[in-house]
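One structure below.
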Amino acid sequence: MKNVKKKKEPKLNKKGKVKVGFLKSVVRTFPPQIKASPGLFVLSSIILVIISVVESGQIYVLERVFNGATAIVAGSATVMSVAVWLFVYAGSFIVSAGLYQIRRRADATFEKRASNALTIQRFEKNSRIPPIVFEDTERLDDIEKSGAGLGSAMTALSTTRAILLYQIPFFFVVSFYLIRREPLLVVAMVLIFFPVLIRMVVLRKLYVEKEDKAAPVRRAAGHLSECITSPKFFKETRILGAYRFFSKEYREKLKEIRRIDYKTAMKSEFIWLLSITVKTAGNLGVYYLLFRFL
């Protein structure tokens with residue numbers, strides 16, 4: 001008798017639900033967004049790579065400016081030769097700023113189309129759910145979170161693309177350049193780069209936990225709002241004299257949502273402040289080392 005392979009059981013979170021990792025989220029949410037407007041996605045990605053190259057090259061140009069200034073003091077170079085590199089340095093900022101504006105406009109249009117594509121995909125999936133599922137409060141919470149997560153899906157695509165096409169190439173190009181000059185500068189680059197990645201991982205986990213808490217409360221608030229304002233329930237609410245009850249419960253739910261948002265925002269700000277502190281320390285280290293080696 002042939003051995004039957006056991007089906008791998010999915011990982012569950014603390015609440016016993018199937019745990020969806022980042023890679024699985026990427027596979028499910030990135031392709032529909034890219035498919036919504038592939039031309040704009042490619043255009044924005046190419047611009048991002050060009051910006052990375054331009055801003056990486058600023059390190060080399062800046063070194064030529066410093067070396068030229070030293071040569072002027074020593075009497076072995078003219079002011080005009082250094083001025084050329086200063087114009088190149090200033091021009092790189094103008095080019096970078098212009099490319100950022102083009103990318104910003106392209107991304108704005110792309111995000112609208114991606115949002116529409118994800119919304120339609122969500123509606124189509126909801127239409128295939130058996131009606132009995134809508135009696136399960138936990139599944140209703142999942143449906144609520146899927147709607148709230150559309151913005152997060154687009155942010156995840158934008159952030160992932162920025163890391164792959166801008167931050168990682170910039171980090172390696174600049175690190176390769178600096179390590180040939182002075183290995184200690186690479187240590188400072190690590191202090192600048194990695195806090196951003198760590199912050200992203202921690203914030204993702206933080207906002208997933210926040211949605212788990214906020215989704216059922218937000219769904220309950222939506223139902224209470226319907227009981228107060230919707231024509232479907234408004235007559236019954238007035239006839240039964242339940243307006244004050246629903247209104248009080250609705251205000252309590254709003255307060256609970258604000259408390260959840262406030263706690264998450266405070267934790268998020270602390271994580272941001274911590275990462276910025278480390279990144280600033282890395283920047284100061286680079287400036288100190290550049291001054292010292294100069």
Side-chain angles (χ1 to χ4, degrees), residues 40-107 155 157-203 271-294:
L40 287 175
F41 179 81
V42 172
L43 173 63
S44 180
S45 299
I46 292 173
I47 292 174
L48 200 59
V49 173
I50 295 173
I51 291 173
S52 179
V53 172
V54 171
E55 294 188 357
S56 300
Q58 288 173 353
I59 302 293
Y60 172 76
V61 176
L62 191 60
E63 184 191 32
R64 297 302 296 265
V65 172
F66 286 155
N67 290 341
T70 306
I72 290 175
V73 174
S76 58
T78 62
V79 175
M80 185 58 66
S81 63
V82 179
V84 171
W85 287 108
L86 280 173
F87 281 121
V88 172
Y89 190 63
S92 68
F93 278 100
I94 296 172
V95 170
S96 181
L99 290 173
Y100 269 118
Q101 287 299 318
I102 297 172
R103 178 174 174 258
R104 186 177 64 82
R105 291 180 178 275
D107 283 351
T155 302
L157 175 61
S158 176
T159 305
T160 303
R161 183 176 58 173
I163 291 173
L164 294 176
L165 300 182
Y166 174 80
Q167 293 180 353
I168 289 179
F170 181 87
F171 173 76
F172 281 107
V173 170
V174 175
S175 295
F176 177 75
Y177 176 77
L178 293 177
I179 201 170
R180 297 173 62 187
R181 301 298 189 270
E182 179 53 51
L184 281 176
L185 289 172
V186 179
V187 176
M189 283 294 296
V190 172
L191 290 176
I192 295 172
F193 181 73
F194 280 98
V196 177
L197 292 179
I198 295 171
R199 182 180 67 192
M200 288 176 53
V201 173
V202 175
L203 286 180
I271 293 168
W272 179 84
L273 180 62
L274 186 63
S275 67
I276 288 297
T277 301
V278 177
K279 184 178 179 181
T280 303
N283 280 325
L284 292 175
V286 169
Y287 296 144
Y288 169 73
L289 292 172
L290 284 174
F291 175 77
R292 181 181 173 187
F293 297 140
L294 176 64

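Here CG of Leu86 is found 12.5 Å from CZ of Arg64. Values are rounded to the nearest 0.5 Å. The CG atom of Leu62 sits 9.5 Å away from the CG atom of Asn67 when rounded to the nearest 0.5 Å. Interatomic distance, Thr159 OG1 to Leu203 CG, rounded to the nearest 0.5 Å: 10.0 Å.
Here the closest non-hydrogen pair linking Ser45 and Leu165 is CB-CD1, 3.5 Å. Here the closest heavy-atom approach between residue Val54 and residue Ser92 is recorded as CG1-O, 3.6 Å. Heavy-atom minimum distance, Val61 versus Val88: CG2-CG1, 4.0 Å. Contact between Ile72 and Val79 at its shortest, heavy atoms only, is CD1-CA, 3.8 Å. Annotation for Leu157 and Phe41: closest pair CD1-CE1, 4.0 Å, computed over non-hydrogen atoms. Of all the heavy atoms in Arg161 and Leu48, the pair that sits closest is O-CD2, 3.6 Å.
Remark: the Tyr100 side chain and the Arg104 side chain contain no N/O donor-acceptor pair separated by less than 3.5 Å.
Looking at residues two or more places apart in sequence or on another chain, you find a ring pair (Phe, Tyr, Trp, His ring centres under 6.0 Å) between Phe93 and Tyr89. Glu63 meets the side chain to side chain donor-acceptor pair (under 3.5 Å) test with Tyr177, Arg181; sequence neighbours excluded.
The environment of CZ in Phe87 is sparse: at most 12 heavy-atom neighbours from other residues, nucleotides or ligands sit within 6.0 Å.
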